[in-house]
Amino acid sequence: ISANGFFKSEAGLPSFKQPVNILSIPYEFTVTKDLSIIGEGAASYRKFEHLAKIGNHNTAYKTGLIYTIPAVNLATTAEWEHVGRDFENAAMPFPKAATDRFTIGTKALLFKAFLTAGVQFNYLKQETFSTSGRNIKWGFDVRTHSKRYPEVYLSYKPFSTFRSYDDTLAIAQRPMIGSVSVGRISYQMKRKGVAHRFMLTYNRNSSIQEDISYNSTTIQATYLFSSRINMVNLTAGWMEQPQFLPGVKGSTSSYIGSVSYTRILNEYLTGTAGQDMAIAPFGLQGSASMLGMSYSFKNKPVSIRLMGRYNVFRANELTVNENIWSCVMACNWQIRPSQKNGKTK
């Protein structure tokens, strides 16, 4: 490995020789039953001797407060975050160096708990070597709560984290920062131990970071049937996402659909199967078949789950099909608190 200079380039992969260490201290104070203060302070450094040089340039800190007014069902939150120009954290969605962010929001429960409404004010400031930029945006979320009428949810978050759809939709992709718009309407009916749930969802993600622009839109309809031993999930929708072709800008759309079936075979064994599919203008874009089983031991809070998945994926009309096999085996142990003499242990 050393012959080809793999470790010689400090600019290519510096983390092999000088990993970034992050020292973080979270805190939380309860001033009164209605007022709480939360926050976190962090510092990044590459070598142990750099601890003595920690200052405002390589630190990040965040503080916020939560205040509730029970008499009018109102909650207010405020948060301030500062990131120094030399602070490093590769786990963040985007480099937040030399960034200050201030957010204040309020949420109220109205009309005898039928409606929840909230509004947020966002202020973002980022500095470079010679200039500084500012951005102000408002966000909101509205939700209805009802068992008799359809429930409606509308939301717009200007500075949120979401993941791109660059691969098979089953693998988590790189996180991005941008605006997220969500609209959802759902309705549920229950009759004689059987439940029917209908849902229509709209989701749009948008991000502009320097010279990178990303936009994706998804419209999806879902029907869920559940009984004592059976559960069926049917989904159909439409998706528009960036076109991943070298030197080509634009977007491509595809129709998506999925069906899954779960059945409780007996008191210990449950089986599930599913099929996903996506069709683009150039043909079949993706297909995924899933089969799984779970077993719960008698008189023991332990269960074993085994699932296999086969994916066929084609990114665009210039590529060939890619086959991906995956298998998951998990063991779950449920810890239940016991009660003795009226006390929970």
Side-chain angles (χ1 to χ4, degrees), residues 24-42 60-83 91-94 96 99-126 134-163 175-188 197-208 215-220 222 224:
S24 175
I25 302 177
Y27 59 88
E28 180 176 352
F29 301 102
T30 301
V31 182
T32 66
K33 65 177 183 178
D34 299 323
L35 178 62
S36 300
I37 299 176
I38 58 175
E40 184 177 3
Y61 36 88
K62 178 174 63 176
T63 185
L65 61 86
I66 303 173
Y67 181 64
T68 60
I69 307 176
V72 292
N73 293 323
L74 183 69
T76 301
T77 60
E79 185 178 274
W80 175 62
E81 180 185 29
H82 169 79
V83 181
M92 292 192 297
F94 73 105
K96 290 185 177 181
T99 299
D100 287 272
R101 181 179 62 88
F102 176 72
T103 302
I104 184 170
T106 182
K107 183 173 291 188
L109 197 60
L110 307 172
F111 305 116
K112 298 181 179 180
F114 174 77
L115 178 69
T116 300
V119 62
Q120 304 86 33
F121 170 80
N122 300 271
Y123 172 82
L124 186 69
K125 177 185 176 182
Q126 190 169 33
R134 295 171 175 83
N135 200 346
I136 296 176
K137 289 187 177 182
W138 290 83
F140 72 91
D141 56 283
V142 179
R143 183 195 299 266
T144 63
H145 310 275
S146 175
K147 294 183 179 180
R148 182 179 179 182
Y149 303 103
E151 294 188 353
V152 179
Y153 175 71
L154 298 174
S155 172
Y156 172 72
K157 305 294 184 181
F159 298 112
S160 295
T161 302
F162 61 90
R163 294 187 179 274
M176 305 180 73
I177 193 77
S179 61
V180 177
S181 302
V182 178
R184 183 173 64 244
I185 181 171
S186 62
Y187 183 66
Q188 180 172 292
R197 185 174 181 85
F198 305 89
M199 184 181 301
L200 181 64
T201 305
Y202 169 84
N203 181 273
R204 178 172 176 81
N205 301 328
S206 178
S207 176
I208 299 178
N215 294 281
S216 66
T217 304
T218 304
I219 301 175
Q220 186 171 281
T222 303
L224 180 64

Drop me the distance from Lys157's NZ to Trp138's CH2, to the nearest 0.5 angstrom.
-> 13.0 Å
dist Leu154:CG -> Tyr202:OH (nearest 0.5 Å) comes out at 11.5 Å
Do Val180 and Val182 come within less than 4.5 Å of each other through their side chains, counting heavy atoms only?
-> yes
Correct closest heavy-atom pair for Gly139 and Pro158 would be CA-CD, 3.9 Å
Would Tyr123 and Phe121 count as a close aromatic pair, with their ring centres under 6.0 Å?
-> no
Going through the checks in order, is the side-chain hydrogen bond (donor to acceptor under 3.5 Å, both in side chains) test met by Arg204 and Thr217?
-> CA-CA 4 Å; Arg204 178 172 176 81; Thr217 304; 2.8 Å; yes
Tell me, please, which residues at least two apart from Lys125 pass salt bridge (charged side-chain N to carboxylate O under 4.0 Å, His left out).
-> Glu127
Full working for side chain to side chain contact (heavy atoms under 4.5 Å, CB included) between Asn73 and Leu110 | CA-CA 8 Å; Asn73 293 323; Leu110 307 172; over 6 Å; no
When Gln120 is tested against each of Ile104, Thr106, Asp141, Thr77 for side chain to side chain contact (heavy atoms under 4.5 Å, CB included), which residue passes?
-> Asp141
Are there more than 12 heavy atoms of other residues, nucleotides or ligands under 6.0 Å from atom CZ of Phe111?
-> no
Would you say the side-chain atoms of Ser146 pair up with the backbone N or O of Arg148, donor to acceptor, closer than 3.5 Å?
-> yes
Do Thr201 and Thr222 have side chains that get closer than 4.5 Å, going by heavy atoms?
-> no
Distance from Phe29 atom CZ to Ser36 atom OG, nearest 0.5 Å?
-> 11.5 Å
Spacing of CG belonging to Leu224 relative to CZ belonging to Phe198, to within rounding of 0.5 Å | 10.0 Å
Basic-acidic side-chain contact under 4.0 Å: Glu40, Lys62 | no
Is the NZ atom of Lys107 crowded by more than 12 outside heavy atoms at less than 6.0 Å?
-> no
With no hydrogens and no angle check, is any side-chain donor or acceptor of Thr144 less than 3.5 Å from a backbone partner on Val152?
-> yes
So do the side chains of Asn135 and Phe159 get within less than 4.5 Å of each other, counting heavy atoms only?
-> yes
Ion pair check, Glu79 and Arg101, cut-off under 4.0 Å | yes
What pair of heavy atoms forms the shortest contact from Ser181 to Tyr156, and how long is it?
-> OG-CD1, 3.3 Å
Between the CG atom in Asn122 and the OG atom in Ser179, the distance rounded to the nearest 0.5 Å is 11.5 Å
4.5 Å side-chain heavy-atom contact, Ser186 and Gln188 | no
Worked verdict on Arg184 versus Met199 for side chain to side chain contact (heavy atoms under 4.5 Å, CB included) = CA-CA 7 Å; Arg184 183 173 64 244; Met199 184 181 301; 3.6 Å; yes
Show the numbers, then the answer: is there a side-chain hydrogen bond (donor to acceptor under 3.5 Å, both in side chains) between Tyr27 and Thr63?
-> CA-CA 9 Å; Tyr27 59 88; Thr63 185; 3.2 Å; yes
CG-NE2 distance between Leu109 and His145, expressed to the nearest 0.5 angstrom = 6.0 Å
